[in-house]
**Q** 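Below are the structure tokens for one structure; questions will follow.
Numbered from 1 within each chain, the chains take letters A, B, ... in sequence-line order.
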4 protein chains.
Amino acid sequence: MTSKKKEKYAQILDAAQKVIAENGYHGSQVSRIAKEAGVADGTIYLYFKNKEDILISLFQDRLGDLVDMINASIRETRTADEAIRKICEIHFTQLEQNVDMAYVTQIELRQSSLDLRKAIGLAVKPYIELIEHILEKGISEQTFRPDLDVKLTRLLLFGAMDEVVTSWLISGRKYSLSGQVDKTVDFFLRGLK
Amino acid sequence: MTSKKKEKYAQILDAAQKVIAENGYHGSQVSRIAKEAGVADGTIYLYFKNKEDILISLFQDRLGDLVDMINASIRETRTADEAIRKICEIHFTQLEQNVDMAYVTQIELRQSSLDLRKAIGLAVKPYIELIEHILEKGISEQTFRPDLDVKLTRLLLFGAMDEVVTSWLISGRKYSLSGQVDKTVDFFLRGLK
Amino acid sequence: MTSKKKEKYAQILDAAQKVIAENGYHGSQVSRIAKEAGVADGTIYLYFKNKEDILISLFQDRLGDLVDMINASIRETRTADEAIRKICEIHFTQLEQNVDMAYVTQIELRQSSLDLRKAIGLAVKPYIELIEHILEKGISEQTFRPDLDVKLTRLLLFGAMDEVVTSWLISGRKYSLSGQVDKTVDFFLRGLK
Amino acid sequence: MTSKKKEKYAQILDAAQKVIAENGYHGSQVSRIAKEAGVADGTIYLYFKNKEDILISLFQDRLGDLVDMINASIRETRTADEAIRKICEIHFTQLEQNVDMAYVTQIELRQSSLDLRKAIGLAVKPYIELIEHILEKGISEQTFRPDLDVKLTRLLLFGAMDEVVTSWLISGRKYSLSGQVDKTVDFFLRGLK
DNA sequence: AATGAATGAGATTTCATTCAT
DNA sequence: GATGAATGAAATCTCATTCAT
């Protein structure tokens with residue numbers, strides 16, 4: 001992709017996120033996204049295979065950014081404890097700072113067809129594996145219990161954080177999401193040791 | 001509702017669960033549910049307000065059974081530790097024994113419209129509150145940490161268990177779900193203390 | 001099909017023929033046909049699988065009527081000569097008397113997708129075989145040449161008649177189609193002897 | 001048109017024939033033809049007014065070649081009988097030797113819009129008139145019946161040959177098309193005398 | 001109470017054609 | 001002369017719900 005192409009690609013994804021955040025998943029027609037992006041309906045199909053492809057790409061792109069950010073941040077940590085804290089901190093902080101993105105990825109995109117949800121599941125995998133990696137590190141460093149089942153525990157951590165974010169959104173964001181980091185991490189670390 | 005009414009009501013819910021389990025959320029037309037239930041399309045609307053009402057009722061009914069079962073079981077426990085274990089045990093065991101129900105409530109019904117998801121959220125609330133109740137009991141009995149944030153922690157527990165079940169289903173149920181109880185409860189109890 | 005069903009079925013086919021005759025193949029949207037038939041768009045799909053199914057059914061129905069009529073008429077003939085004459089006579093007369101039908105089956109329906117044209121080809125087969133049957137009869141009665149290739153000749157007859165009808169329609173029906181019967185049959189019978 | 005222009009013009013027509021033969025009428029987008037011809041989409045419009053113009057030109061070009069060939073060949077014949085034979089012989093032989101062209105002109109191009117079919121009708125006219133010319137010659141030479149209706153008969157001959165070719169293609173070319181010449185001409189000549 | 005035939009709104013996607021470069 | 005990215009109109013079909021019987 002040339003830089004010009006990339007620009008329009010990103011432009012359409014941004015438009016999709018905005019439209020979905022404003023109108024909900026079922027109120028987000030391709031024509032609406034096209035209008036918001038300032039392109040013709042047909043142009044969408046020069047950049048995406050179909051509507052589903054827009055949504056998958058949107059999820060992958062946003063989650064990819066999150067994972068990149070976490071990865072970068074983790075490199076600067078020394079201990080697995082710190083890494084776990086970083087993960088939760090960035091997870092909660094980023095979604096708190098990007099409410100549109102949070103709303104779209106946590107709520108709207110989940111009410112999609114099974115195929116789309118499977119694709120979303122695949123996009124989540126690298127994140128889950130990132131958590132697993134930290135768990136293994138913690139075990140080998142003897143920070144975490146040696147009897148931890150990393151495959152199970154990664155799900156416990158991800159599921160717990162995911163539910164907290166969703167609940168925060170549904171409640172109407174009446175409290176600080178990043179304010180939950182300490183207590184959440186505290187719970188996690190106790191469970192890991 | 002007369003007993004005869006109740007019967008047909010349950011009959012339609014059972015049909016809905018079967019049809020959704022077999023054909024997925026989007027392949028589950030009202031007419032198909034009617035056919036499976038052995039009634040005419042129009043009859044459905046004598047028992048339910050609309051399609052959404054069937055699905056909400058289905059979710060409420062199934063989850064209600066689960067909560068009832070947990071409540072009954074908890075009454076026989078002495079400590080909060082035991083209660084937490086019972087919750088996870090029944091949660092995992094019941095869904096493992098009712099794959100259709102698990103599949104429908106964990107996977108299919110979640111790809112529904114926002115309104116429906118909100119209603120489902122409401123149906124989950126009693127369960128979440130049940131967990132909260134146990135947590136409070138544990139704190140007052142000085143089994144759990146006094147600094148626990150029960151509102152947050154109930155989400156952590158529910159989200160973690162929920163993710164484990166979903167992941168087990170998506171993976172193709174290649175391992176025992178009830179086999180995860182010990183490790184999951186272990187993780188929880190450490191976090192709670 | 002009950003009689004009531006049959007009625008609406010025929011009603012839709014009649015509407016389809018009228019709409020196609022008036023607006024051409026590409027101007028004949030399902031919604032237009034539904035409107036002309038006085039039913040809702042969706043009702044069409046209670047009687048036909050899809051749009052193509054309407055068109056195939058229309059062709060089959062009309063051609064079926066023609067073949068039925070010819071079959072009935074042939075039973076009253078003694079010789080193969082007479083039968084050939086009857087075929088041509090009914091073919092030309094019927095299409096002359098039902099210009100809408102002629103226009104739709106000769107011109108409009110032929111500009112359809114390959115699948116539809118294949119289905120139309122199948123519908124024509126009984127007619128072609130009817131001609132073949134007469135040819136065989138003529139040969140066995142020693143009215144026609146014994147060296148006739150019936151598989152080839154049936155095509156020659158059908159193709160010739162078909163072209164005459166199409167040409168008559170495209171010319172704007174400036175002359176009598178039934179007026180071509182004698183000369184056409186004359187040509188055929190000489191070729192057959 | 002300069003020679004260079006002519007070249008690209010022919011190049012696009014060849015590409016069109018190939019693409020239609022391979023993908024069918026409805027699978028033949030302008031962009032596909034452009035790609036096959038090795039030019040940009042826009043370039044097509046420097047040589048043809050629109051898509052229809054390509055198809056009409058294609059049909060005219062191919063049929064023109066056939067008529068030219070027949071005309072040249074007829075000049076070498078003495079009698080109208082011989083000429084009729086030549087017409088049928090070249091018609092069948094050429095299409096048998098150029099299956100792509102046969103397929104495109106007999107099957108694919110006929111499922112086109114009415115305007116296109118009318119233009120195709122015009123392209124066929126010189127061929128029909130060529131047949132008419134031979135018929136008149138035969139009558140004036142007293143080889144053919146003086147009571148022949150040449151306007152009608154030319155249609156009978158063309159329609160008959162056309163149907164034979166189409167049927168041969170649809171049947172999957174399981175027999176020799178040129179092998180039908182003798183029997184076809186035999187039928188024609190008897191009818192003409 | 002039960003039926004089931006009829007309704008009708010609503011959105012994705014394709015592709016011929018244009019025009020700035 | 002050549003390019004190819006962008007345009008935007010247009011139609012099938014599904015399915016929740018109703019209501020006359």
**Q** Please state how far atom NE2 in B:His26 lies from atom C1' in F:dA16, giving the value in whole angstrom units.
**A**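 To the nearest whole Å, that distance equals 14 Å.
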**Q** Whole angstrom is fine here: how far is it from CZ in B:Arg32 over to P in F:dA16?
**A** 11 Å
**Q** Examine E:dA6: is either OP1 or OP2 under 4.0 Å from a nitrogen or oxygen in the side chain of C:Tyr47? Give yes or no.
**A**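 Answer is yes, contact under 4.0 Å.
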**Q** From CD1 of D:Ile44 over to C1' of F:dA2, roughly how many Å is that when rounded to an integer?
**A**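 One finds 12 Å between C1' of F:dA2 and CD1 of D:Ile44, rounded.
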**Q** Whole angstroms only, please: what is the CD1-P distance between D:Ile33 and F:dG4?
**A** 17 Å
**Q** So which one's nearest nucleotide on DNA chain F is more toward 5', D:Leu46 or C:Gln29?
**A** D:Leu46
**Q** Once you round to the nearest 0.5 Å, how far does CG of D:Leu58 lie from CE of D:Met101?
**A**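 Rounded to the nearest 0.5 Å, the CG-CE separation comes out at 9.5 Å.
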**Q** With nearest nucleotide decided by heavy atoms, which residue, D:Thr43 or A:Gly38, maps closer to the 5′ end of DNA chain F?
**A**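 The residue whose closest nucleotide sits nearer the 5' end is D:Thr43.
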**Q** Counting only N and O atoms by type, is there a donor-acceptor contact under 3.5 Å from the side chain of B:Arg110 to the main-chain atoms of A:Gln111?
**A** no
**Q** Out of E:dA6, F:dT7, E:dT7, which nucleotide sits closest to the side chain of C:Lys8?
**A**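 The listed nucleotide nearest to C:Lys8's side chain is E:dA6.
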**Q** For A:Ile12 and F:dA6, what is the distance between atoms CD1 and P respectively, to the nearest whole Å?
**A**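 To the nearest whole Å, that distance equals 9 Å.
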**Q** Looking at D:Ala123, is its backbone amide N or carbonyl O close enough to the side chain of D:Gln60 to form a donor-acceptor pair, meaning the two atoms are under 3.5 Å apart?
**A**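 No; judged by distance alone, with no hydrogens or angles, the pair does not exist.
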**Q** Starting at the 5' end of DNA chain E, write a dot or bracket for each base, bracketing those in Watson-Crick or G-U wobble pairs whose two distances are under 3.5 Å and using | for partners on another strand.
**A** .||||||||||||||||||||
**Q** Looking across every strand, which nucleic acid part, if any, lies under 4.0 Å from B:Lys35 by heavy atom: base, sugar-phosphate, or nothing?
**A**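 No contact at all - B:Lys35 keeps every heavy atom at 4.0 Å or more from the nucleic acid.
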**Q** Please find the pair of heavy atoms, one from C:Ser28 and one from C:Lys51, that lie closest to each other, and give the distance.
**A** O-NZ, 2.9 Å
**Q** Supply the atom-to-atom distance D:Leu13 CG to D:Phe48 CZ, rounded to the nearest 0.5 angstrom.
**A** 4.0 Å
**Q** For nucleotides 19-21 of chain F, tabulate all protein N/O to nucleotide N/O atom pairs closer than 3.5 Å, reporting atom names and distance.
**A**
none

**Q** Look up atom CG in D:Leu169 and atom OG1 in D:Thr105, then write down how far apart they are to the nearest 0.5 Å.
**A** 8.0 Å
**Q** Could you give the CD-to-C1' distance, from D:Glu52 to E:dA16, as a whole number of Å?
**A** 12 Å
**Q** Determine the contact category for B:Lys49: base if any of its heavy atoms lies under 4.0 Å from a base atom, sugar-phosphate if only primed atoms, P, OP1 or OP2 are that close, otherwise nothing.
**A** nothing
**Q** What's C:Val30 touching, base or sugar-phosphate or nothing? Going by heavy atoms closer than 4.0 Å.
**A**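 Sugar-phosphate contact only - C:Val30 comes under 4.0 Å of backbone atoms but never of a base.
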**Q** If I take atom CG from residue D:Leu116 and atom CD1 from residue D:Ile54, how far apart are they, to the nearest 0.5 angstrom?
**A** 11.0 Å
**Q** I need the B:Ile170 CD1 to A:Lys118 NZ distance, nearest 0.5 Å.
**A**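 The distance works out to 8.5 Å.
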**Q** To the nearest Å, give me how far apart CG (A:Leu116) and P (E:dT12) are.
**A** 13 Å
**Q** Any chance you could measure B:Tyr47, atom OH, to B:Gln11, atom CD, to the nearest 0.5 Å?
**A**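 Nearest 0.5 Å value for the OH-CD distance: 8.5 Å.
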**Q** Provide, to the nearest angstrom, the distance between the CZ atom belonging to A:Phe48 and the P atom belonging to F:dA6.
**A**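 My rounded result for the distance is 13 Å.
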**Q** Report yes or no: does D:Asp61 contribute a side-chain atom to a donor-acceptor pair with the main-chain N or O of D:Ser57 at less than 3.5 Å?
**A**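 No, because the side chain of D:Asp61 does not come within donor-acceptor range (under 3.5 Å) of the backbone of D:Ser57.
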**Q** From the options F:dC13, F:dA5, E:dT3, select the nucleotide whose nearest atom is closest to the side chain of D:Asp41.
**A** F:dA5
